[in-house]
Amino acid sequence: MLLNISYNQPKIREKINAEVGAPFTLLQRFKLNGIGSPKLHITTMSIDIHNLMVLDQNINTCNVEMRPKGIIVMFRSLLETYALVIPYYKLNLYKGKAEEYSIYKDHYFIKVKADDAGIHKYFKKILDYKSDNAPTQVEDMQ
């Protein structure tokens, strides 16, 4: 779900919280050693996101926020802030090239440059949290 989150609208906040959960508490943030990513430079994006990003001439960057049931990828275009809300069950995270990660949800995708060790650690943290908190699969019960 791609949303404009520039303005404080309770209905949009409720949609986001229903999809990926309420933000972590301060204690949980300390236990996870932070929930936000460093600034990520976007290399490629899906057409819906590309149509928003070509409206200005700024460098295309985004950041990722972890939530209990998913992640939020946030980026800016013109003076608006947009969020791609991705629950863990729809999140596909690939490491294509040596220094590039791909974040997929249905027909949306964003590829980001990973030229820093901190970025690799952050994406590993997302994958570890996703696997640790995934619901029990039928195959695991045997």
Side-chain angles (χ1 to χ4, degrees), residues 1-97 99-141:
M1 151 170 62
L2 186 61
L3 300 169
N4 184 341
I5 58 168
S6 300
Y7 311 104
N8 187 11
Q9 297 175 328
K11 288 185 180 179
I12 290 180
R13 191 176 329 115
E14 288 171 11
K15 269 188 191 178
I16 293 172
N17 289 345
E19 192 81 12
V20 293
F24 286 110
T25 63
L26 190 60
L27 183 61
Q28 290 171 322
R29 290 175 192 217
F30 278 121
K31 286 181 181 176
L32 289 171
N33 291 327
I35 59 164
S37 72
K39 182 188 281 189
L40 304 169
H41 293 279
I42 300 173
T43 57
T44 314
M45 62 211 92
S46 62
I47 191 69
D48 299 332
I49 298 169
H50 183 267
N51 289 340
L52 293 171
M53 297 295 251
V54 297
L55 297 174
D56 62 8
Q57 300 299 319
N58 295 333
I59 297 172
N60 295 334
T61 60
C62 68
N63 67 322
V64 179
E65 175 189 339
M66 287 176 58
R67 290 284 182 103
K69 297 189 292 184
I71 64 170
I72 303 173
V73 181
M74 291 174 273
F75 57 91
R76 292 184 57 89
S77 177
L78 295 175
L79 296 174
E80 306 288 320
T81 304
Y82 294 92
L84 180 60
V85 181
I86 309 173
Y88 284 132
Y89 69 91
K90 287 194 173 189
L91 173 66
N92 289 316
L93 193 59
Y94 300 110
K95 185 174 187 294
K97 300 176 187 170
E99 295 187 350
E100 186 176 74
Y101 282 94
S102 304
I103 304 167
Y104 282 86
K105 178 207 180 199
D106 298 336
H107 66 279
Y108 297 111
F109 72 89
I110 295 178
K111 295 185 180 185
V112 296
K113 187 177 2 173
D115 54 357
D116 183 22
I119 297 171
H120 292 287
K121 278 179 60 176
Y122 182 74
F123 281 109
K124 182 169 177 5
K125 182 192 301 186
I126 290 175
L127 290 173
D128 290 344
Y129 187 84
K130 177 184 174 182
S131 65
D132 290 345
N133 296 295
T136 305
Q137 300 293 322
V138 175
E139 296 85 24
D140 296 339
M141 294 180 153

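All residue numbers refer to positions in the sequence shown, counting from 1. FYI, side chains are in, hydrogens and waters are out, and symmetry mates aren't considered; it's all heavy atoms of this structure. Quantities reported herein were computed from a predicted structural model and do not represent experimental measurements.
- Side-chain contact between Arg13 and Asn8 is present, with at least one heavy-atom pair separated by less than 4.5 Å.
- Considering CD1 of Ile42 and OG1 of Thr61, their distance stands at 6.5 Å, rounded to 0.5 Å.
- Nearest heavy atom pair, residue Pro23 against residue Arg29, reads CB-NH2, 3.9 Å.
- Under the 3.5 Å distance criterion, the side-chain polar atoms of Arg67 are left unmatched by any main-chain donor or acceptor of Asn17.
- By the 30° and 60° cut-offs, the orientation of the rings of Tyr82 relative to Phe75 is parallel.
- Judged by distance alone, with hydrogens and angles left aside, the side-chain atoms of Lys125 form a donor-acceptor pair with the main-chain N or O of Gly34 at under 3.5 Å.
- Residues Tyr7 and Glu80 share a closest heavy-atom pair of OH-OE2, 3.1 Å.
- Within the model, atoms CD1 of Ile5 and OG1 of Thr81 stand 6.0 Å from one another, a figure rounded to the nearest 0.5 Å.
- Inspection of the Ser46 and Asp48 side chains reveals no N or O donor paired with an N or O acceptor under 3.5 Å.
- From Ile86, atom CD1 reaches atom CD1 of Ile126 across 9.0 Å, with rounding to the nearest 0.5 Å.
- The 12-atom threshold is exceeded at CG of Leu55, counting heavy atoms of other residues, nucleotides or ligands nearer than 6.0 Å.
- Listed for the Tyr122 side chain is no donor-acceptor partner under 3.5 Å among the backbone atoms of Ala117.
- Thr43 places a side-chain N or O within donor-acceptor distance of the main-chain N or O of Lys111, the cut-off being under 3.5 Å.
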Side chain to side chain contact (heavy atoms under 4.5 Å, CB included) assessment of Leu93 paired with Ile71 = CA-CA 11 Å; Leu93 193 59; Ile71 64 170; over 6 Å; no
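- From Lys39, atom NZ reaches atom CD1 of Ile119 across 11.5 Å, with rounding to the nearest 0.5 Å.
- Remark: Ile16 CD1 to Ile72 CD1 distance equals 5.0 Å, nearest 0.5 Å.
- The backbone N or O of Leu91 sits less than 3.5 Å from a side-chain atom of Lys130, completing a donor-acceptor pair.
- Inter-residue side-chain proximity for Pro87 and Glu19 is flagged as met; some heavy-atom pair is nearer than 4.5 Å.
- Between Val20 and Tyr88 the shortest side-chain heavy-atom distance does not fall below 4.5 Å.
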key: side chain to side chain contact (heavy atoms under 4.5 Å, CB included) assessment of Leu79 paired with Ser6   = CA-CA 8 Å; Leu79 296 174; Ser6 300; over 6 Å; no
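- Using a 4.5 Å heavy-atom cutoff, the side chains of Leu52 and Leu2 are in contact.
- Annotation: Lys121, atom NZ; neighbour count of heavy atoms from other residues, nucleotides and ligands within 6.0 Å does not exceed 12.
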ask   = Passes side chain to side chain contact (heavy atoms under 4.5 Å, CB included), Met45 versus Asn60? Steps please.
value = CA-CA 10 Å; Met45 62 211 92; Asn60 295 334; 3.6 Å; yes
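- Residues forming a ring-ring contact (aromatic ring centres under 6.0 Å, His included) with Phe123 (at least two apart in sequence, or on another chain): Tyr101.
- Rounding to the nearest 0.5 Å places NZ of Lys124 at 4.0 Å from CG of Asp128.
- Shown here for Ala22 and Pro68, the closest heavy-atom pair between the two residues is O-CD, 3.0 Å.
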message = If you apply the rule side chain to side chain contact (heavy atoms under 4.5 Å, CB included), what do you find for Phe109 with Thr44, and how did you get there?
response = CA-CA 8 Å; Phe109 72 89; Thr44 314; 3.9 Å; yes
